[in-house]
Amino acid sequence: MKYYTLNDGLRVPALGLGTYKIEDEKIIDEVINAAFDLGYEYIDTASFYNNEEYIGKALSHSSKKRADYMLATKVWPSAYGLDKTKRSIDESLKKLGTDYIDVIHLHWFCKDFDEAWKVFMDYKDQGIVRSIAVCNFMPEQVEKLLEVGEAPSMDQLESHLFLQDRKTRAFLREKNIKHQAWSPLARTRGGLLDEAILKDIAYKYNKTPAQIALRWNVDQDTFVIPKSVHPKRLKENIDIFDFALDDGDMKALASLDRRQRFSQDPLDQDWLEKIRHM
């Protein structure tokens, strides 16, 4: 495993377990135990995922001590605001069965993000959360957050070979904010894993196209959180730390950029207004 040190000093692994849309208690238990057996140390969830309680139960049944793994969760925009954000974090703590959260994220840039961020900073000062971060914040939105106070440790964004967004990556490096990639395999949509360039490089290293796609992020110092419910895929996803892509590989993979999203645009005002009420 490779590790990164965030701007607040927290040390995190370069790859974690994503849990988006895994809402079955039995499957959550199986996935977390399989992931721990394979060496995963970081679990990413969100209040919006409706699985924090199941994750908490699975963790309570595991043989791992709390210090052996890291938990990240998120506050949804409808819970932004001083009192609502406090309630959201407290509820996440209860559901996850823990007295602290390693990383807490604002899920999207929405109204009252500043009030929520003040709560984040307060909870960090109290030691209830160790690191405060964001998701789906574009550079201009991060700049507004920086006016409120402490810089986020990470920005979790849709990032994959079809959406490389070099400008945002450069901005985050300049601000010393770790880029974290969700959907690093483009949800296997758009034919990404069938691209000839990806297959050729995979053959070169005796790896799979998915492993090359994940390693591409890691070789740019990006933290990846791929999701899977299949033990074979979980093993494949974490088995990317015994090789590194060379400059020729990186240049070839750069040609796959389509600037294509498979989710909502973080700057779509209609979407941001809608989720405030979800």
Side-chain angles (χ1 to χ4, degrees), residues 4-10 12 16 44-49 70-90 92 100-159 163 165-183 220-225 261 263-278:
Y4 303 127
T5 299
L6 305 180
N7 58 21
D8 55 15
L10 187 67
V12 296
D44 177 87
T45 183
S47 60
F48 187 71
Y49 296 173
M70 306 183 81
L71 282 173
T73 193
K74 309 174 188 75
V75 174
W76 190 252
S78 60
Y80 289 1
L82 293 176
D83 292 335
K84 290 192 292 184
T85 299
K86 290 176 183 178
R87 285 197 296 270
S88 180
I89 298 174
D90 292 346
S92 290
Y100 71 95
I101 293 168
D102 295 282
V103 183
I104 189 85
H105 297 257
L106 295 180
H107 212 143
W108 294 84
F109 178 88
C110 282
K111 183 181 178 182
D112 295 327
F113 76 91
D114 53 339
E115 297 297 322
W117 196 244
K118 290 173 184 175
V119 175
F120 277 24
M121 291 188 289
D122 177 48
Y123 271 50
K124 183 182 177 186
D125 288 343
Q126 294 181 57
I128 300 172
V129 300
R130 300 176 68 194
S131 189
I132 57 178
V134 296
C135 293
N136 306 305
F137 274 50
M138 299 305 287
E140 52 265 56
Q141 296 166 331
V142 173
E143 291 284 14
K144 292 180 180 179
L145 184 74
L146 294 175
E147 296 174 4
V148 179
E150 184 174 341
S153 61
M154 290 190 282
D155 189 359
Q156 187 182 120
L157 299 159
E158 179 185 356
S159 301
L163 182 64
D165 197 353
R166 297 176 186 86
K167 181 179 178 181
T168 297
R169 288 175 182 268
F171 170 84
L172 294 175
R173 281 195 297 271
E174 178 187 344
K175 298 295 183 181
N176 193 25
I177 298 168
K178 180 57 63 181
H179 178 209
Q180 190 177 41
W182 65 262
S183 193
Q220 297 182 89
D221 286 331
T222 296
F223 184 166
V224 291
I225 47 168
R261 292 187 181 278
S263 67
Q264 297 293 334
D265 182 346
L267 297 175
D268 182 341
Q269 293 304 310
D270 290 339
W271 163 250
L272 296 179
E273 179 61 25
K274 177 182 177 180
I275 60 177
R276 286 182 52 227
H277 308 287
M278 289 174 62

When the ring planes of Phe48 and Trp76 are compared, do they come out parallel, tilted or perpendicular, using 30° and 60° as the limits?
parallel

If we ignore angles and hydrogens, is there a donor and acceptor under 3.5 Å between the side chains of [X] and [Y]?
X: Ser78; Y: His277; result: no
X: Trp182; Y: Asp44; result: no
X: Ser131; Y: Asp8; result: yes

Does any non-hydrogen side-chain atom of Leu10 lie less than 4.5 Å from one of Val103?
yes

Kindly determine whether Thr73 and His105 satisfy side-chain contact (heavy atoms from CB on, under 4.5 Å), including the steps that lead there.
CA-CA 6 Å; Thr73 193; His105 297 257; over 6 Å; no

Evaluate the criterion side-chain contact (heavy atoms from CB on, under 4.5 Å) for residue pair Ile104 and Tyr123; output intermediate values, then yes/no.
CA-CA 10 Å; Ile104 189 85; Tyr123 271 50; over 6 Å; no

Check this for me: does any side-chain nitrogen of one of Lys84 and Glu115 sit under 4.0 Å from a carboxylate oxygen of the other?
no

Distance (rounded to the nearest 0.5 Å) between [X] [atom1] and [Y] [atom2]:
X: Asp122; Y: Ile132; atom1: CG; atom2: CD1; value: 10.5 Å
X: Leu157; Y: Met138; atom1: CG; atom2: CE; value: 6.5 Å
X: His179; Y: Gln156; atom1: NE2; atom2: CD; value: 9.5 Å
X: Ile177; Y: Leu146; atom1: CD1; atom2: CG; value: 5.5 Å
X: Leu71; Y: Tyr100; atom1: CG; atom2: OH; value: 8.0 Å

For the student: nearest non-hydrogen atoms of Leu272 and Pro266, plus distance:
CD1-O, 3.4 Å

Could you tell me which non-hydrogen atom of Val129 sits nearest to which non-hydrogen atom of Phe120, and how far apart they are?
CG2-O, 4.0 Å

Starting from the C-alpha separation in whole Å, work towards a yes-or-no answer on side-chain contact (heavy atoms from CB on, under 4.5 Å) for Lys74 and Cys135.
CA-CA 8 Å; Lys74 309 174 188 75; Cys135 293; 3.4 Å; yes

Are Lys178 and Phe223 in a cation-pi contact, defined as NZ or CZ under 6.0 Å from the six-membered ring centre and within 45° of the axis?
no

Give me each pair satisfying side chain to side chain donor-acceptor pair (under 3.5 Å) with a member in residues 138-148, each pair once, sequence neighbours excluded.
none

Does the pair Glu158 and Ser183 meet the rule for a side-chain hydrogen bond (donor to acceptor under 3.5 Å, both in side chains), with working shown?
CA-CA 6 Å; Glu158 179 185 356; Ser183 193; 4.9 Å; no

Could you give me the CA-CA distance, side-chain angles and deciding distance for Ile225 and Gln180, then say whether side-chain contact (heavy atoms from CB on, under 4.5 Å) is met?
CA-CA 8 Å; Ile225 47 168; Gln180 190 177 41; 3.9 Å; yes

Going through the distances and angles, do Phe113 and Tyr80 end up as a ring-ring contact (aromatic ring centres under 6.0 Å, His included)?
CA-CA 6 Å; Phe113 76 91; Tyr80 289 1; 7.9 Å; no

